[in-house]
Amino acid sequence: MSKFIDKLKRVFLNKNLRNRILFVIGVLVVYRFLSHVPVPGIPTDKLAAFFNSNQFLSLISLFSGSGLSSLSIIMLGVGPYITSTIIIQLMTMIFPKLKEMQQEGGAEGRKKFTQYSRMLTIPLAIIQAFSYIILLQRSDVIPANIPPFQMLTNVAIIVAGSVLVMWLGELATEFGIGNGISTIIFAGIVSRLPQMITQVQSSILDASQIPTIIIAAVLGLLVIYFVVLVTEAERPIPVTYTKQMHGGGAGVPTYLPLRLNQAGVIPIIFAISILLFPQMILSLLTHTQYAWVNTWSANLSALMQNTWFYAGAYFVLVVLFTFFYTSVTFDPKSISENLQKNGAFISGIRPGESTMQYLSQVVTRITLVGAVFLGLIAVLPVVVHAITGIQALTVGGTALLIVVSVVMDTVKKMNAQLSMEEY
């Protein structure tokens with residue numbers, strides 16, 4: 001306890017770190033305020049019951065800080081920006097020039113790459129804003145006779161809110177501590193905790209549900225333990241740096257740490273975004289004037305909402321995105337070249353091509369373990385919900401995974417900032 005208090009003192013006595021933390025808090029205050037500013041002219045009296053009965057919209061609302069369930073001006077949250085980031089990252093696999101610009105273009109290349117993601121956010125936000133309004137109209141949640149001008153105005157306000165949230169997230173990343181987008185998602189999840197606790201408490205009132213709640217609580221603690229364990233796990237690669245000394249050469253041994261889960265919580269966020277988008281489109285297509293379109297859309301929508309299909313698709317997407325994000329952020333060729341330039345080598349491995357192949361093999365093996373673990377942890381709450389029937393556990397499990405990962409990442413960056421300033 002005394003070490004924890006000492007660490008807090010060091011954090012708040014450090015002017016730079018203190019200002020960064022206060023900046024993030026200020027961004028989150030603005031974000032929470034905006035989540036309570038409703039879109040003008042649309043009644044919201046039926047929204048609560050509708051979102052409580054719809055699982056995938058509840059998940060979307062979770063990541064918008066309850067903004068969607070209250071039809072606030074930031075109802076889309078960071079969803080469009082995350083989706084645009086996924087699309088741009090996938091395009092690097094199709095267009096080599098785009099990948100070259102991202103990896104070898106330096107600061108200017110990364111700036112252009114980020115700008116493309118921002119530009120794509122706007123049309124995606126327009127599509128999602130219009131789709132949500134139509135979906136709510138067809139579900140008889142909001143009036144269907146909204147005038148065209150008011151519809152355009154509302155879509156413009158919602159898109160502007162999404163761009164504003166994207167800007168706040170980037171400001172939090174640049175001037176705050178940790179990843180700004182993840183921090184905003186974290187704030188949205190934490191704001192829903194009282195509601196989740198209330199739902200669980202209502203289940204406790206039923207004596208038959210008490211054993212189920214106890215099992216769910218134990219599973220929650222196990223999730224926290226294993227998330228921390230896997231996040232901290234590393235595979236050390238012994239590296240020797242050649243050092244010339246008077247009277248002969250000598251090697252300075254060290255190691256290259258490869259994290260078991262290098263992608264963090266990003267695959268979970270990506271997978272949820274990909275899963276929810278087609279469900280929203282299918283919900284819209286079930287009310288067209290073409291009977292065959294309605295039939296196919298209803299069948300596909302029912303399949304997407306099937307718990308076991310949803311869990312299987314969720315697991316596969318988390319695994320795939322873990323590999324994809326790791327391949328984007330970890331480049332064995334670049335690392336092998338840097339080792340060679342600095343006169344370093346891996347014991348028993350020739351520098352250059354052999355080192356690159358060795359690192360690729362090691363990263364693939366450890367990423368497989370981390371990806372399968374992340375996928376299992378992600379679908380575990382869905383399976384528990386299917387068995388117990390308590391919907392709060394579905395949302396709460398995914399939220400728990402993200403919250404733990406974001407907190408750990410933020411703490412690491414705070415420690416790194418302290419260490420850097422000490423040196």
Side-chain angles (χ1 to χ4, degrees), residues 1 3-32 35 62-65 77-78 81-82 85 114 165-193 196 220-221 223-234 257 259-270 272-273 321-322 325-326 329-330 370 373-374 377-378 396-423:
M1 188 65 182
K3 291 183 179 180
F4 176 73
I5 295 175
D6 291 339
K7 179 62 69 69
L8 284 179
K9 288 181 179 178
R10 290 177 58 197
V11 167
F12 284 97
L13 288 176
N14 187 303
K15 183 179 178 181
N16 184 31
L17 192 55
R18 183 177 66 247
N19 290 340
R20 286 179 174 272
I21 293 173
L22 292 175
F23 185 86
V24 171
I25 293 174
V27 167
L28 295 182
V29 169
V30 173
Y31 170 71
R32 291 302 303 153
S35 67
L62 177 73
F63 291 107
S64 65
V78 293
Y81 182 64
I82 292 173
T85 302
T114 303
V165 173
M166 175 186 70
W167 180 63
L168 288 174
E170 292 186 347
L171 285 180
T173 301
E174 184 176 358
F175 300 106
I177 192 80
N179 184 286
I181 300 298
S182 298
T183 304
I184 284 178
I185 295 175
F186 168 84
I189 293 171
V190 171
S191 69
R192 288 283 299 273
L193 284 179
M196 295 178 190
L221 294 175
V223 167
I224 295 175
Y225 173 77
F226 282 108
V227 167
V228 173
L229 184 67
V230 171
T231 303
E232 294 293 323
E234 292 179 350
R259 293 174 57 190
L260 189 63
N261 178 24
Q262 301 198 47
V265 74
I266 299 298
I268 300 289
I269 299 172
F270 280 9
I272 291 175
S273 299
F321 275 123
T322 303
Y325 194 79
T326 301
T329 56
F330 183 87
F373 167 81
L374 203 60
I377 292 296
T398 305
L400 184 64
L401 182 65
I402 295 175
V403 166
V404 172
S405 299
V406 171
V407 169
M408 289 187 62
D409 180 64
T410 303
V411 170
K412 279 186 177 181
K413 290 181 178 177
M414 288 172 60
N415 289 333
Q417 185 76 19
L418 285 173
S419 299
M420 183 179 67
E421 300 213 358
E422 285 179 358
Y423 285 109

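When every heavy atom of G180 is checked against every heavy atom of A172, the shortest pair comes out as CA-CB, 3.7 Å. When all heavy atoms of G178 and K413 are compared, the closest pair comes out as CA-CD, 3.6 Å. For L17 against M414, the heavy-atom pair with the smallest separation is CD2-O, 4.0 Å. G176 approaches V24 most closely through the heavy-atom pair CA-CG2, 3.5 Å. Of all non-hydrogen atoms in I184 and V165, the two that sit nearest each other are CD1-O, 3.7 Å.
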- With side-chain contact (heavy atoms from CB on, under 4.5 Å) as the test, would you mind laying out the steps for I82 and I185 before giving the verdict? CA-CA 11 Å; I82 292 173; I185 295 175; 3.8 Å; yes
- Item | Residue pair E232, R259: steps toward the side-chain contact (heavy atoms from CB on, under 4.5 Å) verdict | CA-CA 7 Å; E232 294 293 323; R259 293 174 57 190; over 6 Å; no
- Task: Please test M408 against V228 for side-chain contact (heavy atoms from CB on, under 4.5 Å), starting from the C-alpha separation and ending with a verdict.
- Result: CA-CA 8 Å; M408 289 187 62; V228 173; 3.6 Å; yes
- Query: How far apart are the C-alpha atoms of F186 and V407, what are their side-chain angles, what is the distance that settles it, and do they pass the side-chain contact (heavy atoms from CB on, under 4.5 Å) test?
  - Reply: CA-CA 9 Å; F186 168 84; V407 169; 3.7 Å; yes
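Between the side chain of T173 and the backbone N or O of G169 there is at least one donor-acceptor pair closer than 3.5 Å.
Taken to the nearest 0.5 Å, the CZ atom of R20 stands 13.5 Å off from the NZ atom of K15. Going from atom CD1 of I177 over to atom CG of N16 covers 8.5 Å, rounded to the nearest 0.5 Å.
For V29, the side-chain contact (heavy atoms from CB on, under 4.5 Å) criterion is met by I25, not counting sequence neighbours. In terms of the side-chain contact (heavy atoms from CB on, under 4.5 Å) criterion, residue partners of Y225 (sequence neighbours excluded) are, by chain and number, L229. Checked against ring-ring contact (aromatic ring centres under 6.0 Å, His included), Y81 has no partners two or more places apart in sequence or in another chain. Evaluation of the side-chain contact (heavy atoms from CB on, under 4.5 Å) rule for T322 yields N261, A263, P267, V318, T326, T367, A371, L374 as partners, not counting sequence neighbours. Applying the ring-ring contact (aromatic ring centres under 6.0 Å, His included) criterion to F175, with sequence neighbours excluded, gives F23.
For Y325, the OH atom sits in a loose shell: 12 or fewer heavy atoms of surrounding residues, nucleotides or ligands are nearer than 6.0 Å.
Listed by first and then second residue, the salt bridge (charged side-chain N to carboxylate O under 4.0 Å, His left out) pairs that reach into residues 167-186 are R118-E170, sequence neighbours excluded.
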